[in-house]
Each structure stands twice: as structure tokens, then as C-alpha cells.
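Here the structure is laid out as C-alpha cells; the discussion comes afterwards.
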Amino acid sequence: VSVEFCGLQLAHPIINGSGTFDAIAARRVFGERLLEDFPFAAYVSKTITLEPRAGNPPPRLWETPAGLINSIGLPNKGLDGYMREDLPQLAELTSGASGRSAIPLITNVMGATAEEFSRLVAACDARAEIAAIELNVSCPNVKTGLDIGADPGQLQEVLRTVRELTGKPLIVKLTPNTADVSACGLAAEQGGADAVSLINTLRATALAPLGRSAGTGSDGTSTQRDRWLGGGTGGLSGPAIRAVALAQVAAVATRVSIPIVGMGGVQSAAHAQDLLDVGATLVAVGTESFRDPAAGARIARGLA
Amino acid sequence: VSEEHAASAPFGRRLLTVTGIDKLGAYRVLRACHVAGTGGGAVDGWAPRPGQFAMLAAVERWGGGEGERPYLPRAFSVARLSDGESHFLLEDVGPGTRRLCELRAGDGLWALGPLGHGFEPPSAGRRALLVGGGVGIAPLAILQDTLASDSPTVEVSVLLGFRDRERAAGAALLDGASVATDDGSVGYHGLVTDMLAAEIERDPHATVYACGPAGMLEGIRALCAHSHIPAQLALEAGMACGFGACFGCVVARRGGGYLRVCVDGPVIDSAELERVDQHAGAAA
């Protein structure tokens with residue numbers, strides 16, 4: 001089941017969703033056994049921003065029917081910290097040492113403007129350890145309040161800017177929180193993207209249980225009942241969104257000719273096969289890894 | 001904490017078999033071992049230290065309960081190791097714990113672990129004050145067992161607080177506990193932190209080991225900080241994965257930023273915390 005993706009040869013079509021598997025922490029917990037049975041054919045980093053971020057105040061999680069809302073807030077060490085501290089460790093654990101096949105490293109970056117994306121992409125382009133770059137375009141435009149990736153025109157403009165800065169594969173992580181995801185996919189392709197990945201989490205929120213105070217909305221709104229999440233809103237993932245993911249991947253596949261990384265609620269090889277059958281080239285596993293860290297390997301074996 | 005202490009869990013969850021479930025007042029003690037036929041009942045490579053935890057989920061009917069939950073596994077301290085069995089202390093407080101409380105001998109149990117950093121033994125000459133509240137007494141039982149076997153010269157005192165008589169029955173999990181109840185139905189009528197203050201007054205040359213509701217842990221943190229006594233607090237936080245992947249289980253760190261309870265804890269030196277967050281405790 002080896003597969004070619006944007007010029008990269010992968011052992012199988014299963015990778016991780018950005019921000020759902022901290023390989024550095026997992027290696028501390030599980031030791032060398034993680035490397036012997038690494039669950040993903042390529043490894044996607046969590047989102048890196050120019051400046052360090054501490055993330056949102058807790059609570060950050062809310063369990064829903066067959067799903068999870070997270071409001072993590074993209075904690076990361078910032079671009080310099082990532083390049084200095086995390087990338088060497090990630091490169092070591094994804095390298096082909098001691099008989100293992102190398103696992104291509106995909107770095108996910110998010111900027112608030114085309115200029116920020118440019119600095120992030122240029123920095124990634126300069127590092128040989130990075131095989132491909134994924135753009136998280138779910139950051140709100142400070143002027144419009146809309147996610148950059150929700151507006152096809154704005155998305156294409158960002159892509160045109162960063163496309164000139166790297167010959168490495170550029171993957172655009174599309175947001176599902178938009179009127180027409182396939183129009184955004186087409187805009188990414190026309191802007192020069194090599195692939196698109198979808199779906200990101202669906203915007204969602206939860207109220208504190210009656211009688212319990214919790215975090216207040218980050219927008220400062222005061223309501224009778226507090227929002228549960230410290231960040232106010234979050235993103236829904238897990239089996240609850242699987243059918244939405246299948247529809248959106250199928251819709252984008254009819255509009256673009258570049259490869260697609262499909263994801264959303266995948267728990268089994270059958271779910272992964274569904275996404276492959278509607279046009280995905282790779283499938284990413286995210287929330288299921290929280291339930292079982294070896295889920296990616298299990299799903300890949302099931303596809304073989 | 002050493003790397004040797006950190007890398008202990010096999011990669012991936014494993015299948016355990018429930019060997020029994022015992023009523024202990026308001027609580028249940030869930031006993032489980034490795035699937036029969038491998039490792040003589042003992043779980044292969046499973047050597048949890050006091051304070052470490054596991055992510056548990058029933059193999060059957062994990063989901064479809066109240067509100068179509070549970071979905072994610074739930075974190076539980078290992079309460080005791082005995083005759084190849086691992087014990088976990090449960091209180092029915094929601095759809096996850098309710099499903100686990102329904103398990104019967106022979107049922108399958110997914111377990112990921114042991115996870116996290118546990119308790120460190122007291123430094124030379126200090127006595128150990130074990131302070132627990134509610135279902136949070138669980139990791140203190142294995143700590144008491146381990147201190148008795150590995151550090152027999154350490155003097156150990158156990159102070160436990162509960163809401164009422166039904167919950168105070170949980171004190172039987174440990175030996176020789178002094179008990180406080182909120183309603184005065186058993187033992188001292190008041191807070192376990194009052195008993196701790198008296199113990200510290202009597203002999204401050206101690207290390208405090210604590211697990212329980214957030215309010216209790218914050219009281220202990222403040223008391224120990226004031227008395228310059230080292231305190232190791234076992235925290236709890238809503239957690240999706242248990243191995244550092246989800247970044248959901250954070251508590252604010254003194255001086256800024258956050259700690260992940262799963263990989264930086266769950267046992268955290270109280271000096272690392274400005275205060276114990278209201279979401280970082282066990283069910284009362």
C-alpha cells in the first residue's frame with residue numbers, strides 16, 4: 001500500500017492530523033517502542049507560529065456525543081524555538097536510523113497575514129529536515145474576522161505570495177467553517193498549492209454545566225451561563241464529524257486535481273477507505289490517537 | 001525526574017480482563033489483570049509506581065450511554081497492585097465512571113499506561129504525611145504499600161477527608177487512617193486540612209503527599225508553603241489522551257505558562273504552582 005504524495009514516497013497512506021500527536025512527548029512516555037512501530041507514514045508537526053504561544057486558559061476540552069471539542073489555542077515555542085529545540089528532535093525520531101525507513105516530516109505553520117506566512121515558509125524552506133509545509137489558514141483576519149482560509153480570494157493571495165518562496169510541497173489545511181469549501185480548495189490549487197488537507201475541526205462551543213462556573217467567553221460577552229471552555233469556542237473532532245468530512249472531501253475532490261489528505265473522525269481502516277474512495281490520496285488520523293496512540297498503525301495494517 | 005522513571009508504558013493500549021469489582025461504601029474497587037494465558041495473570045511490563053495512572057475504557061459499550069457518551073478513555077490512578085491484579089478506585093460521577101462501575105468479572109478493559117510521573121520518596125529523616133480527599137485517596141494506598149516495603153524506616157501518617165459516612169468507608173483502602181468528614185458522621189467534624197495543620201504543628205519535619213479535590217489541594221499547598229514543607233500534589237484534569245498529545249489537561253505554572261498534568265505530572269511539586277486551579281482536582 002505504499003503511496004506517492006507530492007513526490008514523497010510513503011510506506012502507507014496514514015499520517016497524523018496536525019496537533020494530535022506530540023511525537024517528542026510520546027517518545028518520553030513510550031520510549032524506543034514508539035519508533036519501532038511508528039504509527040504514521042509521514043509526521044505532521046503541531047502548528048508553529050512566529051511568536052511563542054502559551055495557549056488558552058483551561059478548561060480546554062469538552063466531550064460531546066461521539067466527539068471532542070478542543071480549545072487548546074495552538075501552544076508552541078514559536079518559530080525560533082521550534083527550529084532550535086523541536087526540529088532536531090523530530091528529525092532524529094523520524095530519521096531512517098537503525099533499519100527503519102525514514103518518515104517525512106511535514107511542518108505546519110500559521111500566520112495572521114501573508115507577510116507572517118512568508119517568514120514562516122521561508123524559514124521552513126531553509127531546513128533540509130522538513131520535507132513539506134502545511135499551511136494552517138484558520139487564523140482570523142484581524143480586519144474581517146473571517147478565517148483567511150474561509151475566503152477564496154484571500155487564500156489565493158496568500159498562496160501566491162508564499163509559493164515563490166519554496167520548492168517544497170505546500171499543503172493547505174482547509175477550514176470547514178466556510179460557505180463553500182470546494183471553492184477554497186480550488187483557490188488553493190490556483191494559488192499554487194501542491195495538495196489540500198481537510199477537514200479541520202468544526203467551530204463549536206459548550207456551556208458550563210448548571211451550577212458550575214467555568215471559563216468565560218474570550219469575546220468578553222456576558223451570558224447567564226458561562227462558556228465551559230477557557231477560550232470560549234473550540235473545534236469539534238471525532239466520529240461526530242466523520243460524515244461531514246466525507247462530504248467535504250468528496251466535494252473538493254470533484255473541483256481540484258491536486259492530491260487530498262482526508263481526515264475527520266477516522267477510527268478504522270473502513271473509515272479511511274471511505275475517504276480514499278471519494279478521492280483522498282492520504283488519510284490523517286487525529287482524535288482516535290487520543291483513545292489509542294497506536295491507532296494509526298492499526299488502521300494502516302487494516303488497509304494493507 | 002529521571003528518564004528511567006518516565007519511559008515505562010508499552011506503545012498502545014492493551015487489553016485487560018476485569019477480575020472483580022468490590023463495593024467500598026460510595027466507591028467501587030475495580031480489579032483487573034492481563035488477559036488470561038499470558039504473563040501468569042500479571043500484566044506484562046506493567047510496573048506502575050505510586051502516583052502513576054492509566055487511561056481506562058470498557059471494551060464493550062464505551063459510548064451510547066447518557067448523552068451518547070462516554071467517548072474518550074478516563075484517567076485513573078493505580079490504587080494498588082495485589083496478586084497480579086491492578087486496583088482502581090471508582091466513583092460514579094458521570095457516564096464514563098458509570099460504565100466502568102457496571103463492569104463485571106470477565107469483561108474486557110482497555111488500559112493505556114502506566115503513565116505520568118509519580119511520587120518521590122521523602123528525603124532522609126522526613127516523615128511522610130499522606131493526605132487524601134474523596135476518590136482522590138486512590139494513589140495514597142499504593143504509596144503506603146510502597147513506603148512500607150521500600151522505605152520501612154519512614155514514619156507514615158494518613159489523614160483522609162470525606163463528605164459523609166458512605167464515602168468515609170473508602171478509608172478502609174489504607175491502614176491506620178485518621179478520618180475527617182464534612183458532616184461529622186465519622187471522625188473529626190471538619191476539614192482534613194485542619195488535621196494536617198495540627199500534624200504540622202506537632203512535627204514539621206515532614207513531606208506531604210496529597211490527592212483530592214482542588215479546594216483541598218489548594219488549602220494544602222498554601223499551608224505547606226507557609227510552613228516551608230515540601231508537598232507533592234497529585235492533580236487531576238480533564239484529559240483526552242494521557243500521553244502529552246492533546247494539550248488539554250493543563251494547569252497554570254508559577255511564573256507563567258502551563259504544565260501538562262499527564263506528562264509533567266500528575267504528581268507536581270507544589271512549589272511549581274502559584275495556586276491549584278479549580279479544575280485540577282478529583283471528585284469530592
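Letters A, B, ... are given to chains in the order of the sequence lines, protein chains preceding strands, and every chain is numbered from 1.
Only the backbone of Thr64(A) comes within contact range of chain B, with heavy atoms under 4.5 Å apart. Residue contact with chain A, scored on non-hydrogen atoms closer than 4.5 Å, involves the side chain of Arg74(B) exclusively. For chain B, no part of Asn16(A) is nearby; none of its heavy atoms comes within less than 4.5 Å. Heavy atoms closer than 4.5 Å to chain A are found nowhere in Ala57(B), neither backbone nor side chain. Using a 4.5 Å cut-off between heavy atoms, Pro293(A) contacts chain B through both its backbone and its side chain. Interface remark: Pro52(A) contributes no atoms to any contact with chain B (heavy atom separation under 4.5 Å). Interface residue Leu72(B): backbone and side-chain heavy atoms are both found under 4.5 Å from chain A. In this structure, chain A has a heavy atom under 4.5 Å from the side chain of Val263(B), while its backbone stays farther away.
For the pair Pro58(A) and Asp277(B), the minimum side-chain heavy-atom distance is below 4.5 Å. Side-chain contact check for Asp22(A) versus Phe243(B): every heavy-atom pair is 4.5 Å or farther apart.
Of the listed residues (Gly286(A), Ala66(A), Ala23(A)), the one with the most heavy-atom contacts under 4.5 Å to chain B is Ala66(A). Of the residues considered (Ala26(A), Pro65(A), Pro39(A), Ala295(A)), Pro65(A) shows the highest number of contacts with chain B, using heavy-atom pairs under 4.5 Å. Of all the listed residues (Gly67(B), Gly238(B), Gly257(B)), the one sharing the greatest number of non-hydrogen pairs under 4.5 Å with chain A is Gly67(B). Counting heavy-atom pairs closer than 4.5 Å to chain A, the top-ranked of the candidates Ala252(B), Pro70(B), Gly256(B), Gly242(B) is Pro70(B). Options Gly19(A), Gly67(A), Ser289(A) differ in how many heavy-atom pairs under 4.5 Å they form with chain B, and the most are formed by Gly67(A). Chosen from Pro95(B), Gly64(B), Gly244(B), Gly63(B), the residue pairing most often with chain A at heavy-atom distances under 4.5 Å is Gly244(B).
Closest approach of Pro239(A) and Tyr71(B) over heavy atoms only: CD-OH, 3.1 Å. In plain terms, the two heavy atoms of Cys246(B) and Leu61(A) that are nearest each other are SG-CD1, 4.1 Å. In plain terms, the two heavy atoms of Pro10(B) and Phe30(A) that are nearest each other are O-CD2, 3.2 Å. Across Gly55(A) and Tyr258(B), no two heavy atoms sit closer than the pair O-CE1, 3.8 Å.
Atom OG of Ser71(A) sits about 14.5 Å away from atom CZ of Phe247(B), to the nearest 0.5 Å. A distance of 10.0 Å separates CG of Leu68(A) from SG of Cys241(B), quoted to the nearest 0.5 Å. Atoms CZ and NE2, on Arg60(A) and His279(B) in that order, are 12.5 Å from each other to the nearest 0.5 Å. Between the CZ atom of Arg291(A) and the CZ atom of Arg13(B) there is a distance of 6.0 Å, given to the nearest 0.5 Å. Taken to the nearest 0.5 Å, the CZ atom of Phe290(A) stands 12.5 Å off from the CE atom of Met239(B).
The backbone N or O of Arg69(B) sits nowhere less than 3.5 Å from a side-chain atom of Glu63(A) that would complete a donor-acceptor pair.
Looking at Asp292(A) and Arg14(B), no side-chain N of the basic residue comes within less than 4.0 Å of a carboxylate O on the acidic one, giving no salt bridge.
Under a cut-off of 6.0 angstrom, the local environment of CD in Glu51(A) is sparse, with at most 12 non-hydrogen atoms contributed by other residues, nucleotides or ligands.
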